[in-house]
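Down below is the structure, laid out as structure tokens.
Start at 1 and go down the list; that is how both ligands and their atoms are numbered.
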Amino acid sequence: MAEYEAIIGMEVHAQIITRSKMFCGCSADYAGAPPNTHVCPVCLGMPGVLPVINRKAVEQTVRTGLALNCEIASTAVFARKNYHYPDLPKGYQISQYELPLCRNGWLEIELPDGQKRRIRIRRAHLEEDTGKLTHVGEHSLIDFNRAGVPLLEIVTEPDIRSAEEAYAYVTRLRQILRYLGVSTGDMEKGAMRCEVNVSVRPVGSTELGTKVEIKNLNSFRSVRLSLEYEIRRQIAALERGEAVKQVTMGWDEERGRTVLQRSKESAEDYRYFPEPDLPPLELSEEWVDELRRALPELPAARRDRFMSLYGLARKEADLLTEERAVADFFEAAVQEYAGEPRAIANWIMGELFRLLNTAGLEITEMKVTPSGLAELQTLVDRSTINLNTAKQVLDIMFRTGRSPATIVESEGLAQVSDQGELAAIVARVIEEHPEEVARYRGGKTNVLGWLMGQVMRATRGKANPRIARRLLQEALDRE
Ligand code: ADP
Ligand code: MG
Ligand code: ZN
């Protein structure tokens, strides 16, 4: 049996976060709004109206292109892509064809084994979203709130070689879009949609095989699963001596298989031509340079810096830079803290992530501040509270937003380090538990842990564990 390799190219659509739509003044923030309330004659495609270009959307597309190492056009042209569909009131979509805003870039992906690969970006252009159809029994309902929302399309060269690489590509791309604040990248809400193009060929062959396009994948998981399935299907067809047909398919999540949707349309079908209602976009070099200089540090660079600057392991640095807001929080807390950055990292990756998870909150939505967290760890460093108490204090900070010092003060949580006070408690514990003490003295030294637990309980967890343990040990060994 011949060995095959998969060839994959991806087309990703991402809704751009802007106040207004792409070519009219309607609010683009339509989430949760009743159907057809964010509409006007322009986005409803009424005759005689004229589009106006949304500057912010152009800016966000250029910033994305810069982050993806693209060449930015000095002149870009909008083009009409003609097709008829109920969700497209004008009978055409305004997109970009021959002169997109961004071209010839690349994105570096990282595989789980640490291997890196560059995926070339063919183009990134700006277009408008369509309305949304909902099929109910024999009827179809149409909502135009989404029609005309700015949409960024990013197309790769066929450089991806496996389902795993495709997964690494979309997750990294989404992360960058979120870092840039260009898109929420929320696939479940349709703010980011993927199409994959896939063909297979015998290893060693330099020609591309016939590709199949899988449309409207709405989760990272389905990108991976549909590719795994489709690669197997195509290899099996070739093995049987059949040809792969150039078609568009969908992904049936429930049955775990791709299904035929229609035969593939080609560019000629769309009769692209330059949009006569809009002027070409002229971009000055100064403006593009200004945008380039203002780009935030991107995730891969930030991860590497976290490793070298803060001495974090790769896994930890990955976790802390996954979301820009988490990385910002970490660095703000480290600024306020005099000790080892790792102590702050541990709080975030452990207790804070747990609290956020349970509450279903984003880090930007919580009441704990970077300086609050720094102060909490400082109280631990100074032995004002022990680590267990600090966790309780963080719980309260998370619920109330109060500062750790005031919580420790008002709840009486300060650690008991007073030798005399602790010695008295130890003596009482020993007196109250003669059997355990006897067992310890008989050689069962692991009873010490249990007795320590009694000391902690007697102090409501506030005993300085180091001093308490020493006093307990001494008292037990004194006999
Ligand atoms: P189409 O005109 O059918 O949309 P394009 O040439 O525009 O095709 O490419 C669309 C996407 O498909 C791109 O991401 C490209 O890299 C990818 N692609 C092109 N040819 C192949 C192929 N033979 N196998 C896999 N992917 C391909
Ligand atoms: Mg295409
Ligand atoms: Zn409108």
Side-chain angles (χ1 to χ4, degrees), residues 4-13 18-30 33 36-46 49-54 57 68 81 83 89-90 94-98 100 103-107 119-125 128-131 143-150 153-163 165-166 169-170 173 194-202 205-215 217 223 226-227 230-231 234-235 238 243-249 261-270 272:
Y4 292 90
E5 71 173 345
I7 308 287
I8 299 162
M10 311 235 3
E11 299 169 278
V12 169
H13 286 93
T18 54
R19 268 203 303 275
S20 58
K21 289 189 182 180
M22 188 60 228
F23 299 114
C24 62
C26 290
S27 160
D29 186 11
Y30 62 86
N36 299 306
T37 53
H38 289 236
V39 293
C40 73
V42 173
C43 55
L44 287 175
M46 297 295 167
V49 297
L50 287 173
V52 176
I53 298 168
N54 181 330
L68 298 177
K81 181 180 184 179
Y83 67 100
K90 295 196 292 286
I94 304 181
S95 179
Q96 298 187 312
Y97 188 54
E98 277 168 353
R103 269 208 271 232
N104 298 334
W106 50 267
L107 173 63
I119 308 301
R120 286 172 301 157
I121 305 293
R122 179 181 290 177
R123 57 190 278 142
H125 72 244
E128 55 178 336
D129 211 343
T130 60
D143 175 9
F144 286 115
N145 284 350
R146 197 179 73 179
V149 166
E153 176 168 352
I154 302 162
V155 182
T156 73
E157 293 295 340
D159 286 351
I160 298 166
R161 289 291 174 271
S162 65
E165 288 187 11
Y169 172 78
V170 280
L173 180 62
C194 290
E195 285 153 32
V196 301
N197 297 268
V198 53
S199 62
V200 299
R201 68 181 177 192
S205 158
T206 49
E207 276 164 52
L208 292 178
T210 305
K211 73 178 160 74
V212 162
E213 183 170 353
I214 312 171
K215 273 205 176 304
L217 298 164
V223 168
S226 66
L227 275 170
E230 185 58 25
I231 291 167
Q234 290 185 18
I235 292 174
L238 294 183
V244 171
K245 288 193 204 70
Q246 177 156 348
V247 290
T248 300
M249 304 192 93
Q261 285 191 337
R262 56 183 147 91
S263 62
K264 172 77 183 135
E265 72 287 343
S266 71
E268 296 85 71
D269 297 336
Y270 293 123
Y272 281 100

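- Below 4.0 Å from some heavy atom of Leu208 lie the following atoms of ligand 1, by number and element: 23 (N).
- If you number the atoms of ligand 1 from 1 as listed, the ones under 4.0 Å from a heavy atom of Gly209 come out as 23 (N).
- With a 6.0 Å cutoff to the six-membered ring centre and a 45° limit on the axis angle, Lys81 does not count as a cation-pi contact of Tyr272.
- Interface of Gly9 with ligand 1, defined as ligand atoms under 4.0 Å from a residue heavy atom, comprises 14 (O), 16 (O), 17 (C), 26 (N).
- Against a heavy-atom cut-off of under 4.0 Å, Val155 is close to the following atoms of ligand 1: 13 (C), 14 (O).
- By the 4.0 Å heavy-atom criterion, Arg122 is counted among the residues contacting ligand 1.
- Residue-ligand proximity, Ile7 to ligand 1, at heavy-atom distances under 4.0 Å covers atoms 24 (N), 25 (C).
- Distances between N or O atoms of Pro158 and those of ligand 1 include at least one value under 3.5 Å.
- Distances under 2.8 Å from the Zn ion (ligand 3) pick out the protein N/O/S atoms Cys24 SG, Cys26 SG, Cys40 SG, Cys43 SG.
- Under a 4.0 Å N-O distance rule, the pair Glu128/Lys90 qualifies as a salt bridge.
- The heavy atom nearest to atom 14 (O) of ligand 1, considering only Ile154, Val212, Thr156, is found in Thr156.
- The N/O atoms of Glu11, backbone and side chain alike, include none that comes under 3.5 Å of an N/O atom in ligand 1.
- Within ligand 1, counting atoms from 1 as listed, the ones closer than 4.0 Å to a heavy atom of Ser199 are 22 (C), 23 (N), 24 (N), 25 (C).
- We find that Arg201 and Glu5 are joined by a salt bridge, their nearest charged nitrogen and carboxylate oxygen being less than 4.0 Å apart.
- Residue Glu157 approaches ligand 1 through these ligand atoms, each under 4.0 Å from one of its heavy atoms: 16 (O).
- A search for side-chain contact (heavy atoms from CB on, under 4.5 Å) contacts involving Val52 returns nothing, not counting sequence neighbours.
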* For Val198 and Gln234, run side chain to side chain contact (heavy atoms under 4.5 Å, CB included): C-alpha distance rounded to whole Å, both residues' side-chain angles, the deciding distance at 0.1 Å, then the answer. => CA-CA 9 Å; Val198 53; Gln234 290 185 18; 4.0 Å; yes
* **Verdict with supporting geometry, Ser199 and Val212, side chain to side chain contact (heavy atoms under 4.5 Å, CB included)** => CA-CA 6 Å; Ser199 62; Val212 162; over 6 Å; no
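- Each of the atoms 14 (O) of ligand 1 lies under 4.0 Å from some heavy atom of Met10.
- The CG atom of Leu68 sits 5.5 Å away from atom CD1 of Ile154, with the distance rounded to the nearest 0.5 Å.
- Ser27 and Arg19 are not linked by any side-chain donor-acceptor pair at a separation below 3.5 angstrom, with hydrogens and angles left out of the test.
- Among the candidates Arg120, Arg123, Arg122, the single residue satisfying the side chain to side chain donor-acceptor pair (under 3.5 Å) test with Glu157 is Arg122.
- In terms of N/O distances under 3.5 Å, ligand 1 is not approached by Thr210.
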